[in-house]
Amino acid sequence: MERQQMRPLRLVLVPCPFQGHINPMLQLGTILHSKGFSITVAHTQFNSPNPSAHPDFSFLPLPDTLPDHNSSTGDLVAFVWELNANYKARFHECLAQVMEQQGLEDRIACVIYDEVMCFSEAVAMELKLPSIVLRTASAATFLARTSILQLKAEGYIPFPESMSQDLIPELYPLRFKDLPFSVFVTLEDLVQQLSTFTNIRTSSAIIWNTIDSLEKSTLAKIQQQCQVPIFPIGPLHEIASASSSSLLEEDSSCLAWLDKQSYNSVIYVSFGSVAFMDMKELAEIAWGLANSQQPFLWVVRPGSIRGSELIEVLPKGFKETTGERGYIVKWAPQKEVLAHDAVGGFFSHCGWNSTLESICGGIPMICRPCFSDQRVNARYISQVWMVGLELENELQRGEIERAIRRLMVEKEGKEMRERAKILKEKVELSIGEGGSSKNSLNELIEIIMSF
Ligand code: UDP
């Protein structure tokens with residue numbers, strides 16, 4: 001249902017200031033704007049979104065109150081914890097001001113906040129506004145996170161090394177080692193944070209960037225335990241395909257290079273916006289790519305190599321050896337890359353956005369999860385949807401070369417590619433007329449309009 005002829009309702013979105021969270025929130029904003037809602041994005045100054053990329057939105061910068069944060073050292077969990085401690089009062093003040101100025105023509109219908117920006121829920125309640133949560137990780141990750149709390153209470157974790165390969169009862173295909181622990185915080189702190197982030201108090205609904213056909217039984221299980229309706233309306237990037245919310249400048253020159261490569265031949269390599277590696281791992285990837293003889297497009301993000309700055313970090317002789325066969329960028333237009341005909345495989349850290357983008361491109365994956373939900377996603381990619389293979393041991397050039405050849409040229413990879421195409425078609429059906437995501441989106445809009 002389009003709302004163009006009706007009184008516009010304003011939605012206030014509160015994204016978490018990291019790329020993997022900003023993207024789905026702004027995509028959601030684009031979708032809801034296309035349905036007739038006005039959109040205000042309340043954001044931190046740190047990693048602030050670019051207003052000129054979203055001329056239809058209003059932006060509400062929250063005054064920066066962050067103490068010396070350590071997001072650059074990768075301590076993201078602590079950083080988000082600090083955000084919650086520091087932004088509540090500011091958000092309350094800014095939102096109250098907006099409400100004072102609003103007319104009946106432009107009233108705020110609700111606050112939609114990233115699940116980790118939970119101070120927004122409290123502020124919405126104080127200002128008597130309804131609120132809705134956006135979850136940007138998979139449903140399986142949510143279930144695994146709540147299992148950490150339960151397993152801890154039952155005394156199963158911390159677990160001994162000898163149990164790390166054991167399957168967790170009721171959580172197939174996850175093993176203890178796949179649980180989404182953080183490398184950044186102690187178990188005690190993680191448990192405290194998870195119980196805060198997963199506990200909904202007053203919000204009216206949950207929007208999920210996932211698809212019913214991908215996570216049907218997991219979503220059903222969560223819905224059974226949940227008091228409020230869940231709306232799996234993903235993949236958001238596919239529904240809001242035109243918008244870009246990149247914090248780094250995308251180097252689109254790689255698309256012209258891809259145009260010159262043959263169909264399905266290129267392995268795309270990227271580990272997202274947060275993961276990092278050391279020089280040794282970088283060298284192993286470099287020589288694995290070089291020795292595979294396969295064309296490759298590789299994103300080497302500035303700051304992602306511990307103790308070093310960009311391209312000079314590549315091993316001596318690597319560029320001469322690979323020549324025109326390889327293309328390296330600091331940041332790629334990833335959605336376009338994964339939708340390009342020349343790309344036949346994705347060597348990925350398995351962030352949830354990257355996973356969805358790969359599925360939508362019908363691209364099988366080599367999974368190299370680094371931390372948190374990436375391990376859960378990698379297990380689903382390799383064991384449930386069977387559209388990828390996982391590199392579990394220390395990165396070694398020989399194993400990387402072998403994995404690339406398995407994925408890109410061998411029968412096993414061909415079969416994964418066929419399954420990936422089938423998955424892609426299922427996802428396309430879900431966002432089409434009568435599809436599950438489309439239906440959920442319509443129901444979500446009904447709820448928002450009833451506020
Ligand atoms: N991305 C991009 N260009 C790149 C690498 C990543 O635009 O060179 C985007 C990617 O399309 C995805 C997001 O950054 O939407 C990364 O999110 P994800 O959940 O995959 O991983 P995270 O960065 O949160 O670990």
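Counting starts at 1 for both ligands and their atoms, following the listed order.
Applying side-chain contact (heavy atoms from CB on, under 4.5 Å) to V329 and the options V337, V299, V300 leaves one that passes, V299.
Residues L60 and H43 fail the side-chain proximity criterion, which asks for heavy atoms closer than 4.5 Å. Residues W385 and L214 form a side-chain contact, since some pair of their non-hydrogen atoms from C-beta on lies under 4.5 Å apart. For the pair E121/V133, no side-chain contact is recorded, criterion being any heavy-atom separation below 4.5 Å from C-beta on. Within the 4.5 Å cutoff, the side chain of F346 has no heavy atoms near those of the P364 side chain. Between H54 and F59, some side-chain heavy-atom pair lies under the 4.5 Å cut-off. The shortest distance between side-chain heavy atoms of I431 and L441 does not fall below 4.5 Å.
In summary, the atoms of ligand 1 found under 4.0 Å from a heavy atom of W352, numbered by their order in the structure, are 19 (O). Short contacts between ligand 1 and G272, defined as distances under 4.0 Å to a heavy atom of the residue, involve ligand atoms 23 (O). Atom numbering of ligand 1 starts at 1 in the shown order; those under 4.0 Å from a heavy atom of Y268 are 4 (C), 8 (O).
Ligand 1 has no N or O atom lying under 3.5 Å from any N or O atom of Q19, backbone or side chain. Of the polar atoms of H349, at least one N or O is found under 3.5 Å from an N or O of ligand 1, judged by distance alone. Of the polar atoms of K335, none of the N or O atoms is found under 3.5 Å from an N or O of ligand 1, judged by distance alone. In terms of polar-atom proximity, defined here as any N/O pair under 3.5 Å, F271 makes no such contact with ligand 1. No N or O atom of S270 sits closer than 3.5 Å to an N or O atom of ligand 1.
Between F79 and F18, the ring planes are perpendicular. Angles over 60° get that label, and only those under 30° would be called parallel.
The distance between the ring centers of Y268 and W298 does not fall below 6.0 angstrom.
The closest protein non-hydrogen atom to atom 11 (O) of ligand 1 is E357 OE1, 2.6 Å. Protein heavy atom nearest atom 23 (O) of ligand 1, with residue, atom name and distance: S273 OG, 2.5 Å. For atom 19 (O) of ligand 1, the closest non-hydrogen atom of the protein is N353 ND2, 2.8 Å. Nearest to atom 1 (N) of ligand 1 among the protein's heavy atoms is W331 CZ2, 3.3 Å. Counting only heavy atoms of the protein, atom 13 (C) of ligand 1 lies nearest to N23 ND2, 3.7 Å. Closest to atom 3 (N) of ligand 1 among all protein heavy atoms lies A332 O, 2.6 Å. Looking only at heavy atoms of the protein, atom 24 (O) of ligand 1 is closest to G20 CA, 3.5 Å.
For F371, the heavy-atom gap to ligand 1 stays at 4.0 angstrom or more.
Under the rule for a side-chain contact (heavy atoms from CB on, under 4.5 Å), the partners of S246 that lie at least two apart in sequence or sit in another chain are Q19, S244, E250, W331. With sequence neighbours excluded, no residue forms a ring-ring contact (aromatic ring centres under 6.0 Å, His included) with H340.
Considering each of P333, S354, G351, the one bringing a non-hydrogen atom nearest atom 16 (C) of ligand 1 is S354.
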